[in-house]
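These notes concern the structure reproduced below.
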Amino acid sequence: MQTPTTQVGFLLQLGYFRVVSRFFLSNRFIQADINYIVNGIMVDPNQIDFTDYFRTTYFRHQEEILRQLGYTGFDKNASQLISQEMKRLVSLRTEPVLIMESVITFLDEHRIEIPPYATLRVLLEKSFRQFEQDLEAIMVQYLQQEDKNLLDSLLLQHDSYQQEEKKHVKVQRYQLTFFKRITQSMQPSVIKGRIDNFVRLKEMYSQLLPIITRLNLPEETIKFYAEYVIDNQIFQVADRDNTRYLLLVSFIIHPGGARSTTNWVTRLCSLLTRLLPVP
């Protein structure tokens, strides 16, 4: 630190790091901060030229600041550590902004330099892609053809529209639609139809149980994919070539779907057989 430029550069890097635990390129230095340091150490502002703040000096200053403050630089090991934490949070379907906040807290707690935003963004995007690719690989390897046929059948028009009196109806609902929106009507015929849907969901769940076990999806992921199915139209689900089976499987095992009905649907069916007229 023999020149005014290197003295000011060092102090700016130290000050910024103490505030936000990261470093900035010299072209990001704020002029007001430069003026403050220049006045504080009483050097000639005309002698400040950050084009002379050579890269070797710039990085050597960073290494010294990290050593003196007891921090570790964001190196390959830190990148792998953060990637593992991101993958864990992504598997829980945490919002990206919350993942970023959690990662920054994680770095601070472990006294690791915070890298530029672009570095974290690339790692986060990679974590999202890797998570879905891993799930898709399981689906490709273990999903049987009869399971695909079952899931694809949910995207077909409902059987009732094959009847002659309904063929002329312009808006025809799909098989999946009857599972997405469950009416709360207490009419016997509606209740019976609702029970039939629950029994059907239970049967689909039982058939898909091997792939469900292999996927081992966290509750948050199941909810995320299932709510996509619930909130979007059929064609939006059908157009997701790579993930539509994953979306539909999640919908079937969603807490509002088959899994929550498995324990009590038998008891409810038994009760309704005593209340409803025999067809």
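Residue indices begin at 1 and follow the sequence shown.
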If you group Ile, Leu, Val, Met, Phe, Trp and Tyr by side-chain heavy-atom gaps below 4.5 Å, do [X] and [Y] land in one group?
X: V140; Y: L215; answer: no
X: F106; Y: L98; answer: no
X: I34; Y: V20; answer: yes
X: V97; Y: L89; answer: no
X: Y142; Y: M204; answer: yes

Just list the side-chain donor-acceptor pairs under 3.5 Å for residues 39-49, sequence neighbours left out, or say none.
from: N39; atom 1: ND2; to: N35; atom 2: O; distance (Å): 3.2
from: D44; atom 1: OD1; to: N46; atom 2: N; distance (Å): 3.0
from: D44; atom 1: OD1; to: N46; atom 2: ND2; distance (Å): 3.4
from: D49; atom 1: OD1; to: T51; atom 2: N; distance (Å): 3.1
from: D49; atom 1: OD1; to: T51; atom 2: OG1; distance (Å): 2.6
from: D49; atom 1: OD2; to: T51; atom 2: OG1; distance (Å): 2.9

Which pair of heavy atoms, one from [X] and one from [Y], lies closest together, and at what distance?
X: I104; Y: I114; result: CG2-CD1, 3.6 Å
X: T6; Y: T57; result: CG2-CG2, 3.9 Å
X: S91; Y: P218; result: O-CG, 3.1 Å
X: Q130; Y: D134; result: NE2-OD1, 2.7 Å
X: R200; Y: L150; result: NH2-CD1, 3.2 Å
X: Y53; Y: S26; result: CD2-CB, 4.3 Å

I would like to know whether F251 and I230 meet side-chain contact (heavy atoms from CB on, under 4.5 Å); could you show each step before the answer? CA-CA 8 Å; F251 172 78; I230 293 170; 3.8 Å; yes
Within the 4.5 Å heavy-atom criterion, are [X] and [Y] side-chain neighbours or not?
X: T94; Y: R88; result: no
X: L246; Y: I138; result: no
X: L154; Y: I252; result: yes
X: F50; Y: L12; result: yes
X: M139; Y: V249; result: yes

Can you confirm whether Q2 is buried at CD, in the sense that more than 12 heavy atoms of other residues, nucleotides or ligands lie under 6.0 Å from that atom? no
Is it true that atom CD of Q145 has more than 12 heavy atoms of other residues, nucleotides or ligands lying nearer than 6.0 Å? yes
What's the separation between atom [atom1] in [X] and atom [atom2] in [Y], rounded to the nearest 0.5 Å?
X: H110; Y: I82; atom1: NE2; atom2: CD1; value: 8.5 Å
X: Q207; Y: I212; atom1: CD; atom2: CD1; value: 10.0 Å
X: E219; Y: K223; atom1: CD; atom2: NZ; value: 10.0 Å
X: Q31; Y: D33; atom1: CD; atom2: CG; value: 9.0 Å
X: F131; Y: K87; atom1: CZ; atom2: NZ; value: 11.5 Å
X: L81; Y: E85; atom1: CG; atom2: CD; value: 8.0 Å

Is the backbone N or O of L143 less than 3.5 Å from a side-chain atom of R214, with the two atoms forming a donor-acceptor pair by type? no
So, the side chain of Q13 versus the backbone of Y58: is there a donor-acceptor pair under 3.5 Å, distance only? yes
Side-chain donor-acceptor pairs of residues 119-129 under 3.5 Å, sequence neighbours excluded:
from: S127; atom 1: OG; to: L123; atom 2: O; distance (Å): 2.9

Just say parallel, tilted or perpendicular for the rings of Y16 and F24, cut-offs at 30° and 60°. perpendicular
Aromatic ring pairing Y71/F17, orientation class (parallel under 30°, perpendicular over 60°, tilted between):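 Judged by the thresholds at 30° and 60°, the geometry between Y71 and F17 is perpendicular.
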With sequence neighbours excluded, give me every ring-ring contact (aromatic ring centres under 6.0 Å, His included) pair touching residues 208-234. none
Please step through side-chain contact (heavy atoms from CB on, under 4.5 Å) for the pair F23 and I65, ending with a clear verdict. CA-CA 10 Å; F23 296 109; I65 290 169; 4.0 Å; yes
Go through it in stages, so that I can follow the logic: the residues are L217 and S250, the test is side-chain contact (heavy atoms from CB on, under 4.5 Å), and I'd like the CA-CA distance, side-chain angles, deciding distance and then a yes or no. CA-CA 8 Å; L217 296 172; S250 298; 3.6 Å; yes
Worked check of side-chain contact (heavy atoms from CB on, under 4.5 Å) between L69 and R18: CA-CA 9 Å; L69 298 182; R18 280 181 164 169; 4.1 Å; yes
Test salt bridge (charged side-chain N to carboxylate O under 4.0 Å, His left out) applied to E63 and R60, step by step: CA-CA 5 Å; E63 292 173 358; R60 188 167 63 250; over 6 Å; no
